[in-house]
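Working notes for the structure below.
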Amino acid sequence: MYPKLKTKPEIPHTHLSSKEMYNQLLIDSKIHRTTLEGQNITHVGQPISVHIAAIDEFVGIVAQTDGSAFAFVTQVNGDVQVLEGEFAQFFYKLPGFLSARSEHFIYSDNAMLFFECIDELGWGQGQLGGDPGRFFLETGKHAGQHFDEFLELLRRKSRSAFFRKRVSRRKQNSRRNFESLKKYIDALFEVYSKLLVIRIDVGYRMKDAKSMSLEEVQAHLQRFLNNRRSNELFKHVVGYIWKLEEGVHRGPHYHLCLLLDGNQVEKDEYYADQFCKYWVDDIADGRGTGFNCNRDKFNRYKNCGIGMVRHDDHAKRAILMDAISYLTKVEQYLMSRILLKTRTLGRGEMPKVAAVRRGRPRNTVAALALNKGANPAG
């Protein structure tokens, strides 16, 4: 029996910044690795361009400040002198920004607004960047003047009520998902004194990924979760969270967080390996890949919130929630158009804490029996 606390301490949580989100997106999308029983196989995937993060930051700066990029002064001899302002640096980055665009994805609201303004002005990649003093006969303006017009359009639209509402709606959806998962994790810690947190990424070999239908991918996850009722490997799994994503080269894949009763099991790297192997060999019929995040946890994560987490280790629980926050916020920054009408996030059923005797708030046997009836679709 665990002593009851007079007051329940609030688990500290700081939401991931945009910079932290993009850093993690780069890690997740650049390398698709398989680790099984200590062996590493690396698949080079298609990274989200670093330019997208720079575009996001650029639009944020434009929205919050006033100013132009260039001033044009006609000299006595008729020559035009180009003077650079604070936004001139971004003019020279435009070719790289435009090269980052992919119709396969929906980016952050800032990045999408950037491309929408480019389209509204009818600019092609060859018309931007280079020399700000370049003169266009058809418009009677210099390239730098066109860029200043672009800044004003971007500034006006980013400050509009319509755009602010669009940003707010996307953030609210992310916040609702996060609060739901936080309640779920907190409820599990009300039942179990410690949880062994397993993080794996499962998907498909590159040569098979493009041929996988969405229905087949969803059926694989359903089978993986359904089998926890009869497979001995899942005996101590008391909860789960899944996130479906899709990449141009990596194809459909899942981020899985499996929560095991820490009073019954300890070796997180071993269990993560076994779950990966089960996905690759049994669920995906040999076509799958599985990456064991637990084996690389201290190198992969700045702060580690996976592995064994005790209910009273509030610092580590906060780090765990930051990892969960990434799963709920990622679609604010990058979302595949293919998954627009598909459910991409799920969890197990809430444990019925009220059914467990208050004198034994973390009775493993009783809670496990209740969890056996959880809906695999979350």
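If you're wondering where the values come from, they're calculated on a predicted model, not measured in any experiment.
- With salt bridges taken as basic N to acidic carboxylate O contacts below 4.0 Å, one links Glu152 and Arg155.
- At least one donor-acceptor pair closer than 3.5 Å links the side chain of Tyr184 to the backbone N or O of Tyr240.
- Checked against salt bridge (Lys or Arg N to Asp or Glu O under 4.0 Å), Asp312 has the following partners two or more places apart in sequence or in another chain: Arg310.
- Of the possible polar contacts, one joining the Ser174 side chain to the Thr328 backbone as a donor-acceptor pair under 3.5 Å is found.
- Under the 4.0 Å criterion applied to side-chain N and carboxylate O atoms, Asp313 and Arg317 are not assigned as salt-bridge partners.
- In this structure, Val59 is a member of the same hydrophobic cluster as Leu121, with clusters built from ILVMFWY side-chain heavy atoms closer than 4.5 Å.
- Ring-plane geometry between His51 and Phe97 is classed as perpendicular, the angle between the planes exceeding 60 degrees on a 0 to 90 degree scale with a lower cut at 30.
- Between His220 and Tyr204, the ring planes are tilted. Angles from 30° to 60° get that label.
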(request) Apply ring-ring contact (aromatic ring centres under 6.0 Å, His included) to Phe114 and Phe150, showing your working. (result) CA-CA 9 Å; Phe114 172 89; Phe150 170 69; 5.5 Å; yes

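- For the atom pair CD of Glu246 and CE of Met212, the computed distance is 12.0 Å after rounding to the nearest 0.5 Å.
- Taking 4.0 Å as the cut-off between side-chain N and carboxylate O, Arg159 and Asp66 count as a salt-bridged pair.
- Put simply, the side chain of Asp148 gets close to the backbone of Ala69: a donor and an acceptor are under 3.5 Å apart.
- Two different hydrophobic clusters hold Val167 and Phe162 under the rule that ILVMFWY side chains link at heavy-atom gaps under 4.5 Å.
- When the salt bridge (Lys or Arg N to Asp or Glu O under 4.0 Å) test is applied to Asp119, the partners found at least two apart in sequence or on another chain are Arg101.
- Lys277 contributes atom NZ, which lies 13.5 Å from atom CG of Asn292 (distance to the nearest 0.5 angstrom).
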Quick one: side chains of residues 78-92, donor-acceptor pairs under 3.5 Å with protein atoms, not counting sequence neighbours, listed by atom name and distance.
from  : atom 1 : to    : atom 2 : distance (Å)
Asp79 : OD2    : Asn77 : ND2    : 3.1
Gln81 : OE1    : Gln75 : NE2    : 2.8
Glu84 : OE2    : Tyr92 : OH     : 2.5

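- Partners of His146 under the side-chain hydrogen bond (donor to acceptor under 3.5 Å, both in side chains) rule, at least two apart in sequence or in another chain, are Thr139.
- Using a 4.0 Å cut-off between charged nitrogen and carboxylate oxygen, Lys157 and Glu116 do not count as a salt-bridge pair.
- Checking side-chain atoms of Arg228 against main-chain N and O of Leu225 turns up a donor-acceptor pair under 3.5 Å.
- Between His255 and His253, the two ring planes are perpendicular [angle over 60°; tilted spans 30° to 60°].
- Remark: Glu57 engages no residue in a salt bridge (Lys or Arg N to Asp or Glu O under 4.0 Å) (not counting sequence neighbours).
- When the salt bridge (Lys or Arg N to Asp or Glu O under 4.0 Å) test is applied to Arg170, the partners found at least two apart in sequence or on another chain are Asp109.
- Connection of Phe135 to Val73 is not established within any shared hydrophobic cluster, with ILVMFWY side chains joined at heavy-atom distances below 4.5 Å, either directly or through further cluster members.
- With rounding to the nearest 0.5 angstrom, the CG atom of Leu258 is 7.0 Å from the CZ atom of Phe234.
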(request) Give the intermediate values and the outcome of ring-ring contact (aromatic ring centres under 6.0 Å, His included) for residues Tyr333 and Phe105. (result) CA-CA 10 Å; Tyr333 297 87; Phe105 295 110; over 10 Å; no

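- There is a side-chain donor-acceptor pair under 3.5 Å between Tyr278 and Asn227.
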